[in-house]
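Chain letters run A, B, ... following the sequence lines, proteins first, then strands; residues in each count from 1.
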Protein chains: 2
Amino acid sequence: MRLHVQARPTRLNPDRLFGQVAHRLAVAIITGASPAGALLPNEDDLKGEISVSRTAYREAVKFLSGKGLVEAKPKSGTRVAPREAWNLLDPDVLAWHFEADPNEKFIRDLFELRLFVEPSAARLAAQRRSAADLQRVEAAYRGMVENPPYAERTVNADLAFHEAIFAATRNPPLQCLAPAVCATIQWSLFLKAPDDRFFFTASLIDHERVLEAIVQRDGELAAARMSGLVIDSLNSTLRLLAGRAEAIASKIA
Amino acid sequence: MRLHVQARPTRLNPDRLFGQVAHRLAVAIITGASPAGALLPNEDDLKGEISVSRTAYREAVKFLSGKGLVEAKPKSGTRVAPREAWNLLDPDVLAWHFEADPNEKFIRDLFELRLFVEPSAARLAAQRRSAADLQRVEAAYRGMVENPPYAERTVNADLAFHEAIFAATRNPPLQCLAPAVCATIQWSLFLKAPDDRFFFTASLIDHERVLEAIVQRDGELAAARMSGLVIDSLNSTLRLLAGRAEAIASKIA
DNA sequence: TCGCGGATAAAGTCATACGATAGAAAGAGG
DNA sequence: CCTCTTTCTATCGTATGACTTTATCCGCGA
């Protein structure tokens, strides 16, 4: 199954040939089509597999090896690395996951991480925000209100809202988790969109309450409300995942 | 200044030529020797700069571009990316930071992140640990006790302790933060080592208390104690950083 | 049975060539 | 003198073939 979730900007230029090769390989690895330990097509053989020069292929492999997806050793070949070695928080790796079926465990894990990190981020944002930071958060919130639910602009505004909060923390390493949070939100919105818009209005209220706490510079309140937001989102997402599982089960039966 | 902190295993093979090139470029970027926006040596010029073929150089650039350190645009040149684009949580990027001077802000930021994440990780570990998980944590703790303070084996045992806790969470994305936590610990130990061993025994007690909570499967207790451990470590590290700053100031005066 | 050493296959490195195009320089027009 | 257009060059992207290095495998001999 292919999910049509618009990808966030990644570091991989899809216009370039090596980028397309890297993308293809990455998707094959993440979906499990190429299992861990599997040999990638030999650098000489690939003329048959994919018609591309060794140069482009090798650059793709280097790109992926930097993210821990593959490991190349002379004589033994280039192999798919075990999942433990993957950098699951890398923006590209997260983006590539959208081309695979939604994996419930993975989404739950991401939500768990989000639950640990995002309330703390909101606390810092409330404490440290500048006027410009606040404007950015407010602009994103307006974008969510003023556009129709689940429209592309709305989704982008939602992501921008959370990104703006991370930016306001003034903590660059922490900001590097923003892509993971955004990926989680995208999964969640993708699952919710087909259903109805009840979730959306509820989520809007959650966002408004977080914004309000940040306006008031109340760190603890912002953290608590962000917790509430994430938990609400998690619960509705889990309900939908359960629904999907049932639908699949009934289709089999 | 060059810090002799043993690097954790990275994804970059230093035996390979492209790996050495990538390492050189990365260090130049992270130390600031090559500022954001700077053009990297032209692919043809580099014969003078570093005598290496275009192939190896280009593969190094691809490796770095995957981590957001550089941006290659056709026809306009390969430039150092702004720091916001760097993946600061990437294990390699963290490791390369050890070749630069310790940056107090960066270390504080990492500690902040650690303070958000690690207590939660300890909570999960206490709740979900298997017998094997516990053995791993215990083995690491024994390694800390049985070796002399600040010895290489002791440092590795300390890192292994925290890694084992992340492993016990059974949350792969969360586990990807382990390298960031380990990097923070390495900075902290590097700063503490020259001083004395008071910090070490205090830290040992903190570790023991965390271990005990995990043995008891008490999640809240584990989280609270891990919080205490991180805060203790942060405080002593900040004190040493302040001392360093004074030492530098007095040298100038 | 064990260990040594050569054969071998695969990745790594190099040199070269050509294509495409962004961006600068030069020239035409007002 | 300034602006717009054209040309031109520098630089990255891709392809190819040759050679080097490395680690695995296998067979030989002790």
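The OH atom of B:Tyr57 sits 7 Å away from the P atom of D:dC12 (whole-angstrom rounding). Atom CZ of B:Phe63 is separated from atom P of C:dG12 by 12 Å (rounded to the nearest Å). Distance, A:Phe18 CZ to D:dA15 C1': 16 Å, rounded to whole Å. Rounded to an integer number of Å, the gap from CZ of B:Arg16 to P of C:dC14 is 11 Å. When rounded to the nearest whole Å, the span between CD of A:Glu59 and C1' of C:dT13 equals 13 Å.
Judged as a side chain to side chain donor-acceptor pair (under 3.5 Å), and not counting sequence neighbours, the contacts of B:Arg170 are B:Ser130, B:Asp133. Applying the side chain to side chain donor-acceptor pair (under 3.5 Å) test to B:Arg128 and every residue at least two apart in sequence or in another chain returns A:Glu112. Remark: B:Ser188 pairs with B:Phe111, B:Lys192, B:Ser233, B:Thr237 by the side-chain contact (heavy atoms from CB on, under 4.5 Å) rule, at least two apart or across chains. In this view, A:Ala28 and A:Ala33, A:Ser34 satisfy the side-chain contact (heavy atoms from CB on, under 4.5 Å) rule, not counting sequence neighbours.
At C:dG12, one or more side-chain N or O atoms of A:Lys62 fall inside 4.0 Å of OP1 or OP2 (strictly under the cut-off). Between A:Thr78 and C:dA11, a side-chain N or O to OP1/OP2 separation shorter than 4.0 Å is present. Between A:Ser53 and D:dA15 there is a side-chain polar atom (N or O) within less than 4.0 angstrom of OP1 or OP2.
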Pick out the pairs of N or O atoms, protein on one side and nucleotides 18-21 of chain C on the other, that lie under 3.5 Å.
unit_1, atom_1, unit_2, atom_2, d
C:dG19, N2, B:Lys75, NZ, 3.4
C:dA20, N3, B:Lys75, NZ, 3.1

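For A:Thr55 against D:dA15, a side-chain N or O and a base N or O form a donor-acceptor pair under 3.5 Å.
Taking for each of B:Ser76 and A:Gly19 the nucleotide of DNA chain D with the nearest heavy atom, the 5'-most of the two is the partner of B:Ser76. The 5' end of DNA chain D is approached more closely, in terms of each residue's nearest nucleotide, by B:Gly77 than by the other of B:Gly77 and A:Lys73.
Comparing C:dC14, C:dG12, D:dA15 against the side chain of A:Leu17 picks out D:dA15 as the nearest. Taking the side chain of B:Ala72 as heavy atoms from C-beta on, and the options D:dT16, C:dA11, D:dG13, the nearest nucleotide is D:dG13. Out of D:dT16, D:dC12, C:dT13, the shortest distance to the side chain of B:Arg58 is found at D:dC12.
Under the 30°/60° scheme for interplanar angles, the aromatic rings of A:Phe106 and A:His97 are found to lie parallel.
Note on residues 72-87 of chain A: no pairs pass salt bridge (charged side-chain N to carboxylate O under 4.0 Å, His left out), not counting sequence neighbours.
Looking only at distances, a side-chain donor or acceptor of B:Thr154 sits under 3.5 Å from a matching main-chain atom of B:Pro148.
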